[in-house]
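Remember, it's a predicted structure, so these values are computed and weren't measured experimentally. Residues: numbered from 1 along the sequence shown.
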Amino acid sequence: MMKKRTMALMMAAMMAASAMTGCGGSGAASSNAGSEGGKAAEGEQVTLKMHLHTNNKFTILDKDGNILPVYQLAAKQTGVVLENTANPVAQKSAEEFQLQATEKFPADIYGGANLKGPIFTYALQGAFIPMNDLIEEHAPNIKKYLEENPEIKKALTAPDGNIYMLNYVPDGEAGRAYFLRQDWLDKLGLSMPTTFEELETVLYAFRDGDPNGNGQKDEIPYFNDKFEEMIRLANLWGARVYSNDSFQDRIVVGENDKLYHAWTAPEFKEAIAGLNQWYEDGIIDPEIFTRKQNTSRQTLWTKDNVGGMTHEWIASTTSYCHNEELLKAVPDFKLGVMLPVNKNGKGFEEHQRAMMKPDGWAISSNCKNPEAAIRFMDWFYSEEGNRAANYGIEGETYDMVDGKPIFKPEVLKQGSVQTYLEQNYGAQLPIGFAQDFEYEKQWTSPEGLEAYNTYVNADIYTAPYTPILNLTAEETEVYDSYLTVLNEYQNERISAFITGKEDIETGWDSYVAKCQELGSEEIVKVYQAAYDRYLAQ
């Protein structure tokens, strides 16, 4: 089986437009080297301004305006005190970052979600400083971590050889999985599908067999919380869709290390034609393109009891097996996990946790004390700092049991452990740190852990993934000039093909031609050049 770390060659570039939802890559941080990188000199204290803005609200302040506990602990241990400059209720993150750009990035440290693209762009213009020498001289924990994780170091390194940003590194292998209503399968006398043909039989039985028992033909055999995720069903016809766990990058590796645009490939056409048939037959949620994102599971399971199958995040999806509101309405609710199938060959799972996210932080060229800034960042790669970044504060959110951090029961009772830690303690914020999957395992249901292990132990992560690529300034300009308009056009036309508003047989050639006109091949060329550089390293 191809393990996650050997799949470091598998995740795609995350540029400015990339958006990510979800969980997630490398092992625990190295132990604190106990040198200048971890702690401040006796009595030393430096104050730096920090601008951390993500999900349009998170900063390093709690709801009462106090510095979050993890950052208070970091200040105590490093002698670097942060002052917050981000507005907790500011506009969208991209707009907030652009505003900072017009002000020439006056804060010392900048961080947040989906910043890799813009930080690289502005860094090459001199707005953010290279960290290479700072890491070598003042950050022993970061240095050791990068030495132990060379693929991460390659992914962090810009084309000019400099590291401008330290990124959030997820942990774990499996991310999303196919889930079917096991209670519906049992009621209909059906087994978990192992082939494409068996899956179709099950989905049509969900439509016709009244498995929810209400006497109405109201079942929705397949649904997703995002229509972009639904389109990943093309994998079931053997077509690639995305190069990573975002929905923006659609350039994938083909034969002989040649990249191509997945959404213009012949096999993608076949898959979309199949999805059109499923949509017309009532297999796919008729509101998939208009339903409010991240509401489908709650609506179609808890409220209406009509949803049959989905492909979603393992931990959050299997939490519904223990949802009191749902079980009160549907006492026999039960989920089963299905390994991916493929109509034209061996099944594969395209989605997996990213080796590295586009989230993290960088040091502004206006920083008055870069050595202190890197020392502060370095603490999060120490044993103590990594634990705080993952679990929060000992004695408050977790206790050490047999040498391992174990969440307190009151933390595990939160509706979302991650959100609770982010907003109340500053753990799991999108800064440069290595996530520990043990954190997630503690709040994942038994059904979720079983599904996770089923996927990890199966030989399904076999598609050739695009590695994390860093573009030059010129390549970034090409990428940025084409990507948004191209993706919007593709979303519109592909949606029309699936819903039947446009015939795919008569419209496909014009669709491909328009994609090329909007720069699909130019983006492929940019990626190919970056990929060739990557292979040459």
Can you tell me how far OH of Tyr168 sits from CG of Leu429, rounded to the nearest 0.5 angstrom? 11.0 Å
Please report the closest heavy-atom contact between Val241 and Ala262, naming both atoms and the distance. O-CB, 3.8 Å
Is the count of non-hydrogen atoms from other residues, nucleotides or ligands lying under 6.0 Å from Lys413 atom NZ greater than 12? no
Taken to the nearest 0.5 Å, the spacing of Thr397 OG1 from Asn424 CG works out to 10.5 Å
Check for me whether the distance between the ring centres of Phe289 and Phe227 falls short of 6.0 Å. yes
Just wondering, more than 12 heavy atoms not from Gln293 lying within 6.0 Å of its CD? yes
Can you confirm whether the side chains of Tyr391 and Asp436 place a donor and an acceptor under 3.5 Å from each other? yes
Could you tell me the separation between the OH atom of Tyr320 and the CD atom of Glu325, rounded to the nearest 0.5 Å? 9.5 Å
Looking just at side-chain N and O atoms, do Asp459 and Tyr461 make a donor-acceptor pair shorter than 3.5 Å? no
Looking at every heavy atom in both Val80 and Ala372, which two are closest together, and how far apart are they? CG2-O, 3.5 Å
Indicate whether any N or O donor in one side chain lies under 3.5 Å from an N or O acceptor in the other, for Asn390 and Gln435. no
Heavy-atom distance under 4.5 Å between the side chains of Leu180 and Val202, does that happen here? yes
Going by heavy atoms in the side chains, are Glu324 and Lys328 under 4.5 Å from each other? no
Are the side chain of Glu450 and the backbone of Pro446 linked by a donor-acceptor contact shorter than 3.5 Å? no
Can you find a pair of side-chain heavy atoms, one from Tyr381 and one from Leu166, that are under 4.5 Å apart? yes
Is the side chain of Asn149 donor-acceptor paired with the backbone N or O of Tyr145 at a distance under 3.5 Å, no angle test? yes
Taking all non-hydrogen atoms of both residues into account, name the closest pair between Lys334 and Asp183 and its distance. O-OD1, 3.1 Å
Any side-chain heavy-atom pair from Met377 and Ile374 closer than 4.5 angstrom? yes
Tell me if a side-chain donor or acceptor on Thr78 pairs with a main-chain N or O of Phe376 at a distance below 3.5 Å. no
Taken to the nearest 0.5 Å, the spacing of Phe206 CZ from Asn212 CG works out to 11.0 Å
Checking Tyr420 against Phe407 for the ring pair (Phe, Tyr, Trp, His ring centres under 6.0 Å) test, could you report, in this order, the C-alpha distance in whole Å, the side-chain angles of both residues, the deciding distance, and whether it holds? CA-CA 12 Å; Tyr420 175 76; Phe407 282 124; 9.2 Å; no
Just by distance, do the side chain of Tyr242 and the backbone of Glu228 share a donor-acceptor pair under 3.5 Å? yes
Do Ser243 side-chain atoms and Asp249 backbone N/O form a donor-acceptor pair below 3.5 Å? yes
Is a side-chain donor or acceptor of Asn344 paired with a backbone partner of Trp237 at a separation under 3.5 angstrom? yes
Main chain of Lys292, side chain of Thr295: is a donor-acceptor contact present, judged purely on distance under 3.5 Å? yes
Please determine, by modelled atom types, if Gln418 and Glu440 share a side-chain donor-acceptor pair under 3.5 angstrom. no
Is a donor from one side chain sitting under 3.5 angstrom from an acceptor on the other, for His351 and Glu312? no
Test item: Tyr178 and Leu339 side chains (from C-beta on) under 4.5 Å apart, heavy atoms: no
Pair Asn470, Lys154: side-chain N/O donor-acceptor within cut-off below 3.5 Å: no
Test salt bridge (Lys or Arg N to Asp or Glu O under 4.0 Å) on Lys441 and Glu438; report intermediate values, then the result. CA-CA 5 Å; Lys441 286 176 66 174; Glu438 293 298 317; 3.4 Å; yes
Surrounding NZ of Lys153 (heavy atoms of other residues, nucleotides or ligands, distance under 6.0 Å), is the total greater than 12? no
What one should report as the nearest heavy-atom pair of Phe433 and Ala389 is CD1-CB, 3.6 Å
Under a plain distance cut-off of 3.5 Å, with no hydrogens placed, do Arg297 and Ser316 share a side-chain donor-acceptor pair? yes
Is the closest side-chain donor-acceptor distance between Arg291 and Asn224 under 3.5 Å? no
Looking only at atom types and distance, does a side-chain atom of Trp263 sit under 3.5 Å from a main-chain N or O of Phe268, one as donor and one as acceptor? no
Classify the side-chain pair Ser445/Ser319 by whether it contains a donor and acceptor separated by less than 3.5 Å. no
d(Asp225 CG, Gln298 CD) to nearest 0.5 Å is 10.0 Å
Of all heavy-atom pairs between Pro430 and Leu52, which one has the smallest distance, and what is that distance? O-CD1, 4.3 Å
For the backbone of Val341 and the side chain of Thr195, can you confirm whether one donor and one acceptor N or O come within less than 3.5 Å of each other? no
Between Lys404 and Asp402, does any NZ, NE, NH1 or NH2 come within less than 4.0 Å of an OD or OE carboxylate oxygen? no
Checking side-chain hydrogen bond (donor to acceptor under 3.5 Å, both in side chains) for the pair Lys357/Asn114: CA distance, chi angles, key distance, verdict? CA-CA 8 Å; Lys357 292 284 190 177; Asn114 303 312; over 6 Å; no
Would you say the side chain of Ile67 lies within less than 4.5 Å of the side chain of Asp62, judging by non-hydrogen atoms? no
Report the relative orientation of the aromatic rings in His53 and His51; use parallel for angles under 30°, tilted for 30 to 60°, perpendicular for over 60°. tilted
Residues Lys144 and Glu148 bridged, charged N to O under 4.0 Å: yes
Hey, would you say the Trp301 and Phe333 ring centroids sit under 6.0 Å apart? yes
Under 3.5 Å, is there a donor-acceptor pair between the side chain of Asp171 and the main chain of Phe437? yes
Hey, what do you get for CG (Leu327) to SG (Cys321), rounding to the nearest 0.5 Å? 8.0 Å
Near-ring test Tyr71/Phe380, centroid separation under 6.0 angstrom: yes
Would you say the side chain of Arg232 lies within less than 4.5 Å of the side chain of Arg176, judging by non-hydrogen atoms? yes
Between Glu173 and Gln352, is any side-chain donor less than 3.5 angstrom from a side-chain acceptor? no
Flag for Asn132-Glu136: side-chain donor and acceptor within less than 3.5 Å: no
Can you check whether Tyr425 reaches Leu68 side chain to side chain, under 4.5 Å on heavy atoms? no
Under 30°, 30 to 60°, or over 60°: which ring-plane class applies to Trp278 and Phe196, parallel, tilted or perpendicular? parallel
Over-ring placement of Lys116 relative to Phe120, 6.0 Å and 45° cut-offs: yes
